[in-house]
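Data block below; observations after.
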Protein chains: 2
Amino acid sequence: MKDKTVPDSVIRRLPLYLRVLEELKAKGTEIVSSQQLEDRIGLKATQFRKDLTYFGEFGVRGVGYEVDDLLNRLKKICGLNEEKTAILIGAGHIGTALGNFNQVNNNCKVRIKAIFDKDEDKVGSTIGQIEIQHTDKLPQMIDELDPQIGIIAVPARAAHEITDILIENDMKVLLNFAPVHLDIPDDVYLQGVDLTLELQNLLYYSQNVVE
Amino acid sequence: MKDKTVPDSVIRRLPLYLRVLEELKAKGTEIVSSQQLEDRIGLKATQFRKDLTYFGEFGVRGVGYEVDDLLNRLKKICGLNEEKTAILIGAGHIGTALGNFNQVNNNCKVRIKAIFDKDEDKVGSTIGQIEIQHTDKLPQMIDELDPQIGIIAVPARAAHEITDILIENDMKVLLNFAPVHLDIPDDVYLQGVDLTLELQNLLYYSQNVVE
DNA sequence: TAGATTGTTAATCGATTAACAATC
DNA sequence: TAGATTGTTAATCGATTAACAATC
């Protein structure tokens, strides 16, 4: 099931499709056409159909897509049909937000099961229901929980060290919030979310107003 | 100074270049070649040079780039040479993290000057040094502060309403953290950061491990 | 059958990368 | 001058979109 044939850009759109399909299902819509999806998603109908071709056939020509069926099949493809275990390193502002957010947001399927911080003062207190543990316990806890996903929310200077620990302990899927470029082996998937860059990017547009 | 000729992809890389140049400056490096930057940024030297061509000539052939000069000129191009005023709507988990983060992170240049929430219980309390005001005060405060950037961190269901208010009050640059697609006029620049999508995207890779 | 909408191929568009002439 | 590295053009690559045959 390892499709390196499917482009990243396609993968990133799948959760978007799922979100809209969930909405339609909630409204009781049973059949939907790619054209109807176009407006709701803000993407071309053609793109939606093209994206689906990477995974098989999902619709009925002349009719459209059965919402519930499409939803279930796409969920499975995305891995959204079952919960995956994540650990969070760093209990600062962003880490805290993510931890709380994760407890609330039930349909996300990424379940944070442990939170770590280097600060002794934070160790022992909780975010959501989860007690913060010392970073020293990382290897031990990874072994215990066997988490699929590691979320890095430590300051930039600590990010390399933490990443090394995660990789040494065989973690393969990482989400990095630290504002640094991390070098990783080929068999690890790293996704970056850089809030500082997002904010800075706005500056350009606020001085060069769009068209 | 409105260059719709410069591709979005290039703009998004500029803050990345700045970050590395700042590091080099701090280390006392005076001259740097595109080749040396390649490893530090994780992008091709050619791409760096190509990106710069949209804005002029910055280096000396056979020598390289003068770090301080390049830094200053790029900062100006990005709008990073002066502070811009932002307002934040929504004081939930993400809003709180952003607010706190913004007070700490001085070199970001996006300065949150006001925070709003609809919840009467939150109104009056503070994030960082900033007092939370009721959403009703938005039009009045926009008029007073004349902010360039609006940050939307409200729940999905409230995002459309807030966005309409911001646009009605002439705001042109928006950052949206709510997990919804927002339809906006052509003359508004909207950038989306969707943490749920980022997390969900990881699920695919955690079941289809990379190569 | 006529109308509709999919799945897929082909055309277009844009972004990245390689190559190299210009020049310090 | 020889060596180095830029700025820029041309080639490549990949992603989006248009078009249409397949088919319900």
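Keep in mind the model is a prediction, meaning the values are calculated, not measured. Values below: all heavy atoms of this structure, side chains included; hydrogens, waters and symmetry mates excluded. To find a chain, count down the sequence lines: A is the first, B the second, and so on, and within it residues start at 1.
Between A:Lys50 atom NZ and D:dG14 atom P the separation is 13 Å, expressed in whole Å. The interatomic distance linking A:Phe58 (CZ) with D:dA22 (P) rounds to 22 Å, in whole Å. Spacing between atom OH of B:Tyr54 and atom P of D:dT9 amounts to 12 Å, rounded to whole angstrom units. For the pair B:Ile31 CD1 and C:dC24 P, the computed distance is 15 Å after rounding to whole Å. Separating the CG atom of B:Leu52 from the P atom of D:dT6 is a distance of 10 Å, rounded to the nearest angstrom. Whole-Å rounding puts the A:Glu66 CD to C:dT5 P distance at 16 Å. Protein atom CZ of A:Phe48 is 9 Å distant from nucleotide atom P of C:dG7, rounded to whole Å. The interatomic distance linking A:Asp51 (CG) with D:dT16 (P) rounds to 7 Å, in whole Å.
Closest-nucleotide positions on DNA chain C for A:Val60 and B:Gly62 were compared, and the one nearer the 5' end corresponds to A:Val60. Nearest-nucleotide mapping onto DNA chain D: of A:Val63 and A:Lys44, the residue sitting toward the 5' end is A:Lys44.
When each of D:dT16, C:dT5, D:dA15 is scored by its nearest atom to the side-chain atoms of A:Pro7, the top-ranked nucleotide is D:dA15. Out of D:dG7, D:dT17, C:dT16, the shortest distance to the side chain of B:Arg61 is found at D:dG7. Comparing D:dA15, D:dA21, C:dT16 against the side chain of A:Ser9 picks out D:dA15 as the nearest.
At distances below 3.5 Å, not a single donor-acceptor pair connects side-chain atoms of B:Thr29 with backbone N or O atoms of B:Lys25.
Regarding contacts with the backbone of C:dT5, every side-chain N or O of A:Ser34 stays at 4.0 angstrom or more from both OP1 and OP2. Between A:Tyr65 and the phosphate of C:dG7, there is a side-chain N or O to OP1/OP2 separation shorter than 4.0 Å.
Among the atoms of the strands shown, base atoms are found under 4.0 Å from some heavy atom of A:Thr53. If you check every strand for non-hydrogen atoms under 4.0 Å, A:Thr46 touches a base.
In this structure, C:dC20 forms a base pair with D:dG7, meeting either the Watson-Crick or the G-U wobble geometry with both donor-acceptor distances under 3.5 Å. The partner of C:dA15 is D:dT12, by the rule that a Watson-Crick or G-U pair needs both atom distances under 3.5 Å.
Side-chain contact check for A:Tyr205 and B:Asp8: at least one donor-acceptor pair (N or O, by modelled atom type) lies under 3.5 Å.
Taking the six-membered ring where the residue is Trp, the centroids of B:Phe58 and B:Tyr17 are separated by 6.0 Å or more.
For B:Arg49 against D:dG7, a side-chain-to-base donor-acceptor contact under 3.5 Å is present.
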- Any chance you could lay out the side-chain contact (heavy atoms from CB on, under 4.5 Å) test for B:Leu195 and B:His93, step after step, and finish with the verdict? CA-CA 12 Å; B:Leu195 294 181; B:His93 297 313; over 6 Å; no
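Residue B:Glu23 places its CD atom among more than 12 non-hydrogen atoms of other residues, nucleotides or ligands, all under 6.0 Å distant.
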